[in-house]
Participant: 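Sharing a structure, written as structure tokens. Questions coming.
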Amino acid sequence: MNSWSTVFLPPIDSRFVFPPLSLKDSASESVVTLPIKDQYSMYVCGITPYDATHLGHAATYLTFDLVNRYLSAMGKKVNFVENVTDVDDPLLERAKRDGVDWEDLAHSQIDLFRGDMSDLHVIPPQSYIGAIEAIPLIVEAIEELQSSDTVYSVDGDLYFQVNADEKFGTRSNLSREKMLTIFAERGGDPSRQGKKDPLDALVWLLNRPGEPSWPSPFGAGRPGWHIECCAIAMAYLPLDSISEHMIDIQGGGSDLLFPHHEMGAAQSRILGKKDYARIYMYAGMIGLDGEKMSKSKGNLVLVSKLINQGHDPMAIRIALLSQKYSLDRMWHESLLKDATHLLRTLALLLSRPEVAPTDWVIQEIINALSNDLDTPRAFAAIELWCEQTTVLASGAPTGSPGELARALDLLLGIAI
Ligand code: ZN
């Protein structure tokens, strides 16, 4: 599937020092420092295309864009794969409810998403893979799971046995009771009769009347969501043959940690015979007026709507990055107002021939990002530099506005 337009990464001077990147890992519940290597692999779960792109989505993809940018700025290759779940229950249910064709809905939302990512200056993945195009890979993965005797049938639907992975539960660190509750809330079917364990994950759903299906050795049907990402990641990312993990970073919004990533990691561990991701990393949820943003609550703030209202995508980017990525947080118009103000101030100051020294602020942005993407610290430094430049006395030491502009673009994705 086509992704979106490539983003140019301007170079900055080699005198800046890049500390190794440390990121919060949910599995170990600690901040983990990535080892220094020539290349890294990152899988970020994409959208199910029925309500793209609200600010929660945008915050997630901007978070992992910062990871991509930091590692790229270090001169490393980042192998980045993202999926789009272009067939799944929520999409089919939404299309049915709204009386629209599910494929039309998916195509329109994927187009919107691509446009929003491009406007927000997000580096596209090398491989942007739809569930439908990945069906042959998913079928292969299920066959491999079958050959390891970890799949069984309930009336023709196939389930993965979670207890086949002795590490099941160690990425999300939830009690079994909590897992059962969340599983039921997030599309799981713990109470289905015939399952060996209520938490076992659907990998293939036999065709239901009125629903789309694809042929397979298990009968016509469609894939489960968790096996989709697992099969795509393992096929499209170069798997690390040296480390004890297959990939470096598994990312997404925090609502994906369980069950989605726990199931994916368990299946991957059976398929790859070693641990899946070095770091399981999550962006917090964005809420509005004290509630989680969701279409069912009718409180979605869409990126495209804000842009159509005349807001600069770079201001949206700053507004979402101004707070710590991992925190659940509320969206307020004041965030966008402050971000717009900062963007205009930067544009004005960076057009001056003489500005306050810039080396320290660029290094501070780098240091802040290296420390689990501490964007509030980076923006505090930028605000301070703006103050220093505003009151710059004649004859005082000066910096390079061009270099700071390139650093803002390269590291934070803020193109001015
Ligand atoms: Zn996924």
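Residue indices begin at 1 and follow the sequence shown. For ligands, and for the atoms within them, numbers begin at 1 and follow the listed sequence. Worth knowing before you read on, the calculation uses all heavy atoms, side chains too, and leaves out hydrogens, waters and symmetry mates. Please read all numbers here as calculations on a predicted model, not as lab measurements.
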Participant: Using a strict cut-off of less than 4.0 Å between a Lys/Arg side-chain nitrogen and an Asp/Glu carboxylate oxygen, indicate whether Arg171 and Glu262 qualify as a salt bridge.
Facilitator: yes
Participant: Any donor-acceptor pair under 3.5 Å linking the side chain of Asp165 with the backbone of Phe168?
Facilitator: yes
Participant: With a cut-off of 2.8 Å, does His261 put an N/O/S atom close enough to the Zn ion (ligand 1)?
Facilitator: no
Participant: Salt bridge check: are Asp409 and Arg406 linked by an N-O gap of less than 4.0 Å?
Facilitator: no
Participant: Whether Asp51 and Arg94 form a salt bridge (side-chain N of Lys/Arg under 4.0 Å from carboxylate O of Asp/Glu) is what I want to check.
Facilitator: no
Participant: Tell me the angle that SG of Cys45 and SG of Cys229 form around the Zn ion (ligand 1), rounded to 10°.
Facilitator: 130°
Participant: Check all N, O or S atoms of His260 and name the one closest to the Zn ion (ligand 1).
Facilitator: NE2
